[in-house]
Every structure is written in C-alpha cells, then in structure tokens.
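A short worksheet on the structure shown next.
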2 protein chains.
Amino acid sequence: MTTPRYQQLADTLVREIRSGRFPVGSLLPPEPRLCQRFGVSRHTVREAVRRLADLGLVSRHQGVGTRVRATQSSAHYVASLSSLQDLMQYTQRTRLERLGERWVEADPALASVLRCNPGQLWLELDTCRYQAGRREPLVHMRVYVHPEHERIREELDAGNVWIYGLVEKHSGERIVEAQQIVGALAIPAASARVLGVKARAPGLLVRRYYLGRNARLLSVSLNVYPADRFEFSTRWRLELDGGPAGR
Amino acid sequence: MTTPRYQQLADTLVREIRSGRFPVGSLLPPEPRLCQRFGVSRHTVREAVRRLADLGLVSRHQGVGTRVRATQSSAHYVASLSSLQDLMQYTQRTRLERLGERWVEADPALASVLRCNPGQLWLELDTCRYQAGRREPLVHMRVYVHPEHERIREELDAGNVWIYGLVEKHSGERIVEAQQIVGALAIPAASARVLGVKARAPGLLVRRYYLGRNARLLSVSLNVYPADRFEFSTRWRLELDGGPAGR
DNA sequence: AAGTGGTCTAGACCACCGA
DNA sequence: CGGTGGTCTAGACCACTTA
C-alpha cells in the first residue's frame, strides 16, 4: 500500500464518522489517544485530522477538542474577475470599429432578447472588435443602450474603448451585476459578412445583460464570434471555510 | 508578536511574489534554502508554503520544486456555485447513459487537450446525458480519468450519477478547482450520430478540467452540445467592500 | 547521482479552555 | 489545575524528477 499513513487514517475516521461511531456534535478522541490507537506520531494524526477539517467534517478548538460537524462535505465554488472587462478575456489589446448606429423600436422578437416591452426604443450600436495585427475581426457586437444615454455615441470614436465604462459614466450608475449567456449558433449572413466567414458557419453567440442598482437594465450586448477565433475560459475555485484569510 | 512564525513567513513570501522577486512561472527557493534564510525548521517552512498553496499562489511538485502560479489580484466581480454540479446547470434531472469505455494512450493531439504527456494512459468513458422526457440526448460527454481510479466504472451503473463525486471519492482528494473552456464547433460525425443531429451542425464544445490540491489534474471531460439544446448562463456580481470573511 | 518535495518520528513548549 | 489543540525543532527516510 503506497497510500500515506495519514490518508489511511483519515479514511478510517471518515468511515467511522459516517457510521455514527462519532456522531455530529460530539468530540473526536483527543490526538494523543488517536496516536496510541493507531500507533503513529502526533504529526501523522494531525495531518489526518487536517484533511477532515479541510473537508468541513470536523472543526478544531484549542483547549476543547475536535468536534464533528457533518458527515458529508459541503462545497462552495467561486469564480472571480478583477473587472467586467476581464469577462471579455482580451489578452491582446483590441480595437473597436463602428459599423453604424440606428434607433430601433423593439419588435416582439427583439423585445424578448432585450427583456423589455415591445415598442421600447433603443440605440443600437453596430461594432466589431479587431485583435492587434489581425485583418479579420474577432467579434461582431451589437450593443443596445437606453435612449437617455445617447451621448455615448460622441465618445465612441477613440479606437480602444470599453463601452460599459461609458455606460457607467453616462448613467451615473455602477454596473452591479452582469449576466452572460453563451450558446452556439450558425452565423447568420449579416454577421458572416462582417466577420469574413461563410454564412451558417459555427460560432458563439454571447448575450450580456448589464444591470445597475435595483436590477435596472442598463445595456445589452449581442456578440457573435466565429468558432475558431475565441473561447471562453472560466476558473472556479473551492471557497475555503473561514475565507481566504485562513483558519 | 503573537502571529505564528509560519504565517509571518507566508506573508513575506506573498509580498515577494507580488513584488516580482519570484515571478509567475518561476520556482521558489527550495525548502532547505528557505530554512537557512529565515532560520526556521523545515516544518515551519512547509507550513508557510502550504498556506500559499491553499491560496492558489503556488503549486508544489515533488522532485522539481515549488512553482509560482499567480499573484492573486483582488476580485471585484464574482460568480458562485453551491456545487460543481451547478456548473452544468441541469435544472431538470438528467439521466446518464453509458455508451462505452476504453483505455486510450494519448497521442500528441489528445495529450494536448488533456494537458498530459503523449503516451499517458487514460480511461475514457463515453456517455451521454438525457433530459427527462426527451428522446434526444442533451450532450455527448467523454470523460477521462486516471487509470488508478478505474474502479469508478463499477459505480457508474446507476442512472443518475455525478461522475466527479465518484472521482472525489476514489481519488480521496477534494476537487479544489475546475476550469471550463467553452467554444463553438461544427459537430463531428461521431458526436452527431450520438446526438441525432447532422454532422457539421453548430454546437458548443465544453472542456472541463478538474483539479485537486496542488493543481493535480484529476479528470477531464469533453462535452458536445447541439446549438439549440443548451446555453450557459453565468451571473457576475460586484463584490462588496469587506467581502465575506475579510482578508 | 543529486536535489527536490512528501512523509513520519520523538520530542518540546505554548495558549487556551473548563472544572 | 490538567487536558486540549497550536506551534516548532531536529532529524530521518522515501518517491520523484532531472541531468
């Protein structure tokens, strides 16, 4: 058996906790006793108990003992970004190009996508984004903003712009929440022309909803990426009990 | 100073990593050298380095050294899950069907996807998942696990199984991190047959990497979803000042 | 073969808690 | 006060990687 001694010991203790020999709420035998029982040093016992604590099965209390807290481990996973811009994962700097803009009144289909009532007026910004040094655009983006923020257009001329910074600036409201929905699609002709791919080629459709305080919808963006030009990467990490500051 | 020696040491190392003295990708000085430098025993050094590993800042590699992985930026936006199972977002219960299994030796192409060395042996589980009441599968999944956990096969018979629970159980290790990469693809013939769609129809390719402590790769899964059967939704929220546990 | 991190021992002193 | 877990030392052998 090449399994470390402390791991075998941890497995044994997990089994015994699950079996009810050490009920939830009770104390595990003190470390010196476990040393005797298993014939190992205290270091090994502590390493084993640490595993149980990491799993959230027990908690240790100086001067008291090791208390059984659960028979199953619970988990909480977290992904984080330092800014919403990171959501786009543009490791390379990208350049924004304006293709056009227009006022649109949401028909039922668009209203459903934009989560508004039919007839609502939006400013649609038609843009695409280029990676440095590439001739073909990375993504075709249609951004919808409320009419009241139409002045955004005037600031959109600089090449390297992050639209949602402008939305925050003009709405005077912090973007508090963003929802992102990623699906696949056959790229429609209009986007295919912009992207320089064949119509109906596979691509990613990304819808993003930017919400302010009180869940107010500030902006929506519909993005189409050709299959071979982009992937989304998200890292989820287990949240440790007691938080990052440590036990 | 009542702060434990190992914690002071950990803080020092974090500072030095952030300062660039130990860049991401480089190796930390070996433990014996740290013992000399700080005048402490190896146990204390290891306890300090363990803290860094728990934070995901470094990973340790027997025979090689301790590699710096990140400088940990403070997160503004976070998304959270109560379990990794939520990552799949199956609001409906789904049923797992086994299509087959085989041993595969990673050729260079597969090795690149699985992030291992060519020639490494894996157990490939070929499965698909059905939504309740649907005749067509939702997703074609190929799951790769290390040979040492081959006993997983035996437990895979119950219809409604969460494979990574089994991986955790058999590896005796907690899944501490999951990376998910979502892209689009033209569905290849083999998957198209399973899914009941036309070959080269647009679809989502989702690669998931499940890592244990110390960034050990425990399992990889390659999933193909037809475009019209699934979307990924993620909500990002602005992290409030102070955070959950405070750092 | 040399050097790395992984495991383990035998011991010590401490801070903390409850009787 | 005695017993608990928390910290720390000095030393040992092992498994693993690289050269």
Polar pairs (N or O, both sides) under 3.5 Å between protein and nucleotides 5-9 of chain D?
unit_1, atom_1, unit_2, atom_2, d
D:dG5, OP1, A:Thr66, OG1, 3.4
D:dG5, OP2, A:Glu31, N, 2.9
D:dG5, N7, A:Arg42, NH2, 3.4
D:dG5, N2, A:Gln62, OE1, 3.0
D:dG6, OP2, A:Arg46, NH1, 3.0
D:dG6, OP2, A:Arg46, NH2, 3.1
D:dG6, N7, A:Arg42, NH2, 2.8
D:dG6, O6, A:Arg42, NH1, 3.0
D:dT7, OP1, B:Tyr6, OH, 2.6
D:dT7, OP2, B:Tyr6, OH, 3.3
D:dC8, OP1, B:Arg5, N, 2.5
D:dC8, OP2, B:Arg5, N, 3.4
D:dC8, OP2, B:Tyr6, N, 3.3
D:dT9, OP2, B:Ser41, N, 2.8
D:dT9, OP2, B:Ser41, OG, 2.6
D:dT9, OP2, B:Thr44, OG1, 2.5

Strand contacts (DNA chain D) in residues 112-123 of chain B, 4.0 angstrom heavy-atom criterion: none

Is the A:Trp236 ring parallel, tilted or perpendicular to the B:Trp236 ring (thresholds 30°, 60°)? parallel

Parallel, tilted or perpendicular for A:Phe230 and A:Tyr225, by the 30°/60° rule? parallel

If only atom types and distance count, is the side chain of B:Arg18 paired as donor or acceptor with the main-chain N or O of B:Thr71 below 3.5 Å? yes

Check salt bridge (charged side-chain N to carboxylate O under 4.0 Å, His left out) between B:Arg33 and all other residues, then give those that pass, not counting sequence neighbours. none

Distance in angstrom units between A:Gln36 CD and C:dA10 C1', rounded: 15 Å

Value in whole Å for how far the P atom of D:dA15 lies from CZ of B:Arg216: 17 Å

Using a 6.0 Å cut-off, check whether atom CZ of B:Arg207 has over 12 heavy atoms from anything other than its own residue. yes

For A:Arg134, does the CZ atom have more than 12 heavy-atom neighbours from other residues, nucleotides or ligands under 6.0 Å away? no

Note: B:Arg46-A:Glu47 ion pair, threshold 4.0 Å (strictly below): no

With B:Glu177 as reference, evaluate B:Arg69, B:Arg208, B:Arg216 under the salt bridge (Lys or Arg N to Asp or Glu O under 4.0 Å) test and give the passing residue. B:Arg69

